[in-house]
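Some notes on the structure that comes next.
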Amino acid sequence: MEDSLAIIPVDNHTLVLVVADGMGGMPAGEQASQIIVQSLSNILNKKPESQTVRNAIIEGIDIAECQN
């Protein structure tokens with residue numbers, strides 16, 4: 001399966017649902033969807049309180065993009 005998903009708890013009041021489409025049939029689609037889920041999970045788990053969830057998500061996407 002090329003798709004990945006995750007529910008990432010950020011704090012006591014916030015969860016982030018990640019659904020990553022691995023673009024079935026494309027080379028490394030499964031790997032790409034897993035990379036974005038892992039990147040978002042990593043960045044959201046260590047997000048400083050001063051950083052917004054939105055900015056953390058954008059940072060996680062940028063990091064994942066560099067890995068691909």
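- Scanning both residues, Pro9 and Asn45, for their nearest heavy atoms gives O-OD1, 3.9 Å.
- Put simply, OG1 on Thr52 and NZ on Lys47 are 7.0 Å apart, with the number rounded to the nearest 0.5 Å.
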Q.
Using the rule given for side-chain hydrogen bond (donor to acceptor under 3.5 Å, both in side chains), can you reason through Asn42 versus Gln38, listing the C-alpha separation, both sets of side-chain angles and the distance that settles it, and then say yes or no?
A. CA-CA 6 Å; Asn42 289 342; Gln38 188 62 50; 2.9 Å; yes
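- Put simply, the side chain of Ser39 gets close to the backbone of Gly60: a donor and an acceptor are under 3.5 Å apart.
- By the 4.5 Å heavy-atom criterion applied to side chains, Leu15 and Val10 are not counted as neighbours.
- By the rule that hydrophobic residues join a cluster once side-chain heavy atoms approach within less than 4.5 Å of another member, Ile61 and Ile43 end up as members of one cluster.
- Qualifying side chain to side chain donor-acceptor pair (under 3.5 Å) partners for Asn12, counting only residues two or more places apart in sequence or in other chains: none.
- Under a cut-off of 6.0 angstrom, the local environment of CD1 in Ile7 is sparse, with at most 12 non-hydrogen atoms contributed by other residues, nucleotides or ligands.
- Put simply, the side chain of Val16 does not reach to within 4.5 Å of the side chain of Leu40, judged on heavy atoms.
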Q | Test log, rule side-chain hydrogen bond (donor to acceptor under 3.5 Å, both in side chains), inputs Gln31 and Glu2 | A | CA-CA 8 Å; Gln31 183 182 10; Glu2 291 88 10; over 6 Å; no
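- In this structure, Asp21 CG and Ile36 CD1 are separated by 12.5 Å, a value rounded to the nearest 0.5 Å.
- Taken from CD1 in Ile63 to CD1 in Ile58, the straight-line distance is 12.0 Å, to the nearest 0.5 Å.
- Between Ser41 and Ile8, the closest side-chain pair of non-hydrogen atoms falls below 4.5 Å.
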